[in-house]
Amino acid sequence: MFGKLTLDAIPFHEPIVMGALGGAGLIGLLVLAAITKYRKWGYLWTEWLTSVDHKRIGVMYIAVALVMLLRGFADALMMRTQLAMATDGAMGVFPPSHYDQVFTAHGVIMIIFMAMPFMTGLMNIVVPQQIGARDVAFPFLNSLSFYLLVAAAALVNLSLGVGNFARTGWVAYPPLAELAFSPDVGVDYYTWALQISGIGTTLTAVNFLVTVLRMRAPGMKLMQMPIFTWTCTWANVLIVASFPILTGALAMLSLDRYLDFHFFTAEAGGNAMMYLNLFWAWGHPEVYILVLPAFGIFSEVVSTFTGKRLFGHTSMIIASGVISVLGFMVWLHHFFTMGSGANVNAFFGIATMVISVPTGVKLFNWLFTIFRGRLRFEVPILWTLGFMVTFTIGGMTGVLMAVPGADFVLHNSLFLIAHFHNTIIGGAVFGYLAGFTYWFPKVFGFRLEPKLGKAAFWFWQIGFYFAFMPLYILGFLGMTRRLNHTNNPAWDIWLYVALFGALLIACGIGCQLLQLGVSIWQRKKLVDQTGDPWNGHTLEWSIPSPPPSYNFAVLPQVQDIDAFTDMKEKGTAYAKPASYAPIHMPRNTAAGVWIGGFTLALGFALIWHIWWLAIVGLVGIVGSMLARAYDDDRDFYIQPAEIEATERAAAERRALAATSA
């Protein structure tokens, strides 16, 4: 009845796992008890879980990302601890099987379930407001995409206590990922979680491409869109082009495992190298999917906190496009050592180096924007300045690894790990944290406490250098990746330093959690009445904080780049119209919740071969979709009187803030 699932699947014999499960379960129970005590279930259901408001969906994406950041960083801390303790022949804390699951889960979680939802959350919150839209093109599809992510993240977390996760590394190369070498359910958790989340991500990209192409404010030309919107658009183009490749590769791997298709089994006529090509045809664009929106955030932050228009607006758009195109063309540099030949390696090496040119254009544009500006050292600009130094180092090491001869020496060493984290943490994660602080007052109506924010930045920045610069040295000293213990005294000191750096980053994350708590506690002191706490350039700062559900009472007329600054300069900002018209809005729906729940059941059933549950999940998904399709009560109108009252209250708050200032 339960397929391969038995009580033996629960790791009662592993105290570390059971301790983690117990701690997570206790925290979950406390949260549920608090919600019940304060009678917030109805509020959560009606205002958040069933919402199709792009801003609330964005907040929920970021909430998932922060939870998965804690899970993924806990894995990273365990890895650093293991390698620091398992020196000179010692075996450390974790047995090899458990350690292999930890480093596989760390990579998957940080890329797919932390960075991607963080980026998608910021995009959800900001892009419709920046282009003067009231929502995304397909609000229900937005909700559905989110709950597919939740279902996939739940599968990954279930693997911690029911069965196990993959032991293959986050790339899951065959033949190791084939059934003969990974007969347990770990790879199945991996394939189904990534396929489910990938479908949701693809739907999100389609949704936002339609949104920016069809729902821009009157007068806003494509080349007048803010840089953050443009970089998200380029990222969505890459998602639409690359995520189906990943889905296809994982579908073939699943067919290999479930039905003996042997797409990737050499002795049965398959080709394991085909998986590598397909995986990295998605995997390398994925790096730019993550980092391009961060580039857009840095552009917004630099422009705002220098009090200047961004230098080279058009060149930034073109550079982002060139990065996107080139980023899709260089996947083979991930396996220079696989015998493709000198000419092929030379082409992909040169193409990889060329990416540094448009990236350099961006860096110099930021520097020229700062030049002769009055830079305000708020928390978002600290993340930006830290990025400019850190990412430059990562870029230079990337150019080094683009040389096939050097890559032959370094490709499987910790030098590669240091380079990758140099670009993803120093680029994408620093960018998301800058954007989180920058747009937080827009979403919630109060700023984050700055002192703790600055402390978090310095712990992250200093901790990063202690954690990852030693890995460059270890790479040159010959230490390869994926080791679970070492026996070389020359490596020991660098492994200890790397653990110290990870502990500093843990302090930074602790400061950020404390910052959130303190900011909520002191929200009246940190309140933003103006809607424009940073003196921003783009349209999201022209509406109240937090924004009303409809965003704009009247769609703005855009005449220039940096539309809100243009309005302020012309004296037309906050102009009150003669009258308001009813606003058409989508109604909340629980369909996304139900489809996500049935998808979770289907995924779990396919992993454990519980076929009756798989049928229930599939029927539930189809039934929920049909129920949504035949639901005629999908929308409503906000009446002018309500709009008038909301806008009048916002105007009064702005006037009060101006008077008190």
Side-chain angles (χ1 to χ4, degrees), residues 54-66 68-69 114-131 204 208 225-236 288-306 310 316 320 362 366 369 376-388 390-391 423-448 450 453-454 456-457 460-461 508-509 512 515-516 519 528 532-541 545-547:
H54 68 96
K55 300 178 290 295
R56 298 202 166 188
I57 291 173
V59 171
M60 291 191 290
Y61 265 113
I62 293 174
V64 170
L66 293 177
M68 297 306 282
L69 170 64
M114 190 285 286
M116 283 298 292
F118 212 143
M119 179 269 284
T120 307
L122 291 171
M123 180 170 66
N124 257 286
I125 292 166
V126 178
V127 167
Q129 296 180 66
Q130 283 200 334
I131 64 172
T204 296
F208 275 87
M225 291 196 308
I227 295 298
F228 177 70
T229 296
W230 256 114
T231 54
C232 288
T233 300
W234 285 119
N236 287 323
Y288 294 98
I289 289 166
L290 295 177
V291 83
L292 278 169
F295 287 169
I297 293 168
F298 295 130
S299 297
E300 303 289 348
V301 167
V302 166
S303 177
T304 297
F305 290 100
T306 56
L310 183 68
M316 281 290 207
S320 300
K362 286 178 168 289
W366 293 320
T369 305
R376 290 177 284 155
F377 286 94
E378 300 283 355
V379 175
I381 206 70
L382 293 179
W383 288 111
T384 303
L385 296 174
F387 147 80
M388 291 170 73
T390 306
F391 190 83
T423 53
I424 294 300
I425 294 180
V429 176
F430 278 20
Y432 302 157
L433 295 175
F436 180 78
T437 307
Y438 181 60
W439 283 301
F440 189 92
K442 173 52 55 185
V443 178
F444 294 105
F446 60 93
R447 291 176 290 109
L448 287 170
K454 291 177 180 178
F457 163 75
W460 265 94
Q461 181 73 57
I509 294 174
Q512 287 171 307
Q515 180 193 32
L516 271 175
S519 300
D528 166 42
D532 183 22
W534 313 121
N535 192 23
H537 296 299
T538 44
L539 287 174
E540 73 269 27
W541 304 112
S545 297

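From a predicted model like this one, the values you see are computed outputs, not experimental measurements.
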Novice: Quick check for you: to the nearest 0.5 Å, what is the distance between Trp383 atom CH2 and Ile381 atom CD1?
Specialist: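 CD1 of Ile381 is found 13.5 Å from CH2 of Trp383.
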Novice: My understanding is that only residues two or more places apart in sequence, or in another chain, count here; which of them pass side chain to side chain contact (heavy atoms under 4.5 Å, CB included) with Ser303?
Specialist: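 Listed in chain order: Leu310, His537.
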Novice: Hey, are the side chains of Trp460 and Ile509 touching, using non-hydrogen atoms and a 4.5 Å cut-off?
Specialist: yes
Novice: Any heavy-atom pair between the side chains of Glu540 and Ile125 that's under 4.5 Å?
Specialist: no
Novice: State, without any angle test, whether Trp439 and Glu300 hold a side-chain donor-acceptor pair at a distance under 3.5 Å.
Specialist: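 Note: Trp439 and Glu300 side chains miss the donor-acceptor criterion.
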Novice: Check Thr390 against Gly386 and note the closest heavy-atom contact, atom names and distance.
Specialist: OG1-O, 2.8 Å
Novice: Would you check if Pro117 and Met68 make a side-chain contact, meaning some heavy-atom pair closer than 4.5 Å?
Specialist: no
Novice: Pair Met116, Leu290 - check side-chain contact (heavy atoms from CB on, under 4.5 Å), show working.
Specialist: CA-CA 7 Å; Met116 283 298 292; Leu290 295 177; 3.5 Å; yes
Novice: Side chains of Thr204 and Met123: closer than 4.5 Å at any heavy-atom pair?
Specialist: yes
Novice: Kindly give the heavy-atom pair with the smallest separation between Cys232 and Pro293, and that separation in Å.
Specialist: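 Closest heavy-atom pair between Cys232 and Pro293: SG-CB, 4.1 Å.
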Novice: Could you tell me which non-hydrogen atom of Trp366 sits nearest to which non-hydrogen atom of Ser299, and how far apart they are?
Specialist: NE1-OG, 2.9 Å
Novice: Ring centres of Phe377 and Phe305 under 6.0 Å apart?
Specialist: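 No, the ring centres sit 6.0 Å or more apart.
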Novice: Search all heavy atoms of Phe387 against all heavy atoms of Gly427 and return the closest pair with its distance.
Specialist: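 Minimum heavy-atom contact is CD1-CA, 3.7 Å.
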Novice: Please examine the side chains of Trp541 and Pro533, heavy atoms only from C-beta on, and report whether any two atoms are closer than 4.5 Å.
Specialist: yes
Novice: Decide side-chain contact (heavy atoms from CB on, under 4.5 Å) for Phe436 and Leu516; before the verdict, give the C-alpha distance in whole Å, the side-chain angles of both, and the deciding distance to 0.1 Å.
Specialist: CA-CA 11 Å; Phe436 180 78; Leu516 271 175; 4.0 Å; yes
Novice: Where do Pro441 and Ser545 come nearest, in terms of heavy atoms and distance?
Specialist: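 Shortest heavy-atom separation between Pro441 and Ser545 comes out as O-CB, 3.3 Å.
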Novice: Mind checking side chain to side chain contact (heavy atoms under 4.5 Å, CB included) for Val291 and listing every partner two or more places apart, or none if nothing turns up?
Specialist: Tyr288, Phe295, Phe391
Novice: Please round to the nearest 0.5 Å and tell me the distance separating atom CG of Leu539 and atom CE of Met225.
Specialist: 12.5 Å
Novice: So, taking the atom named CZ in Arg376 and the one named OG1 in Thr304, what distance separates them when rounded to the nearest 0.5 Å?
Specialist: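 That separation rounds to 7.5 Å.
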Novice: Which pair of non-hydrogen atoms, one from Pro128 and one from Phe208, has the smallest distance, and what is that distance?
Specialist: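 In this case the closest contact between Pro128 and Phe208 is CD-CE2, 4.1 Å.
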Novice: Indicate yes or no: at least one non-hydrogen side-chain atom of Lys442 is less than 4.5 angstrom from one of Lys55.
Specialist: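 A side-chain contact is absent here, since even the closest heavy-atom pair is not under 4.5 Å.
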Novice: Between CD1 of Ile62 and CE of Met114, what distance do you get to the nearest 0.5 Å?
Specialist: 12.0 Å
Novice: In Å, rounded to the nearest 0.5 Å, how long is the span from CD of Glu378 to CG of Leu448?
Specialist: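 The CD atom of Glu378 sits 11.5 Å away from the CG atom of Leu448.
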Novice: Rounded to the nearest 0.5 Å, how far does CG of Leu433 lie from CZ of Phe118?
Specialist: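 Answer for the CZ-CG pair, Phe118 versus Leu433, is 5.0 Å.
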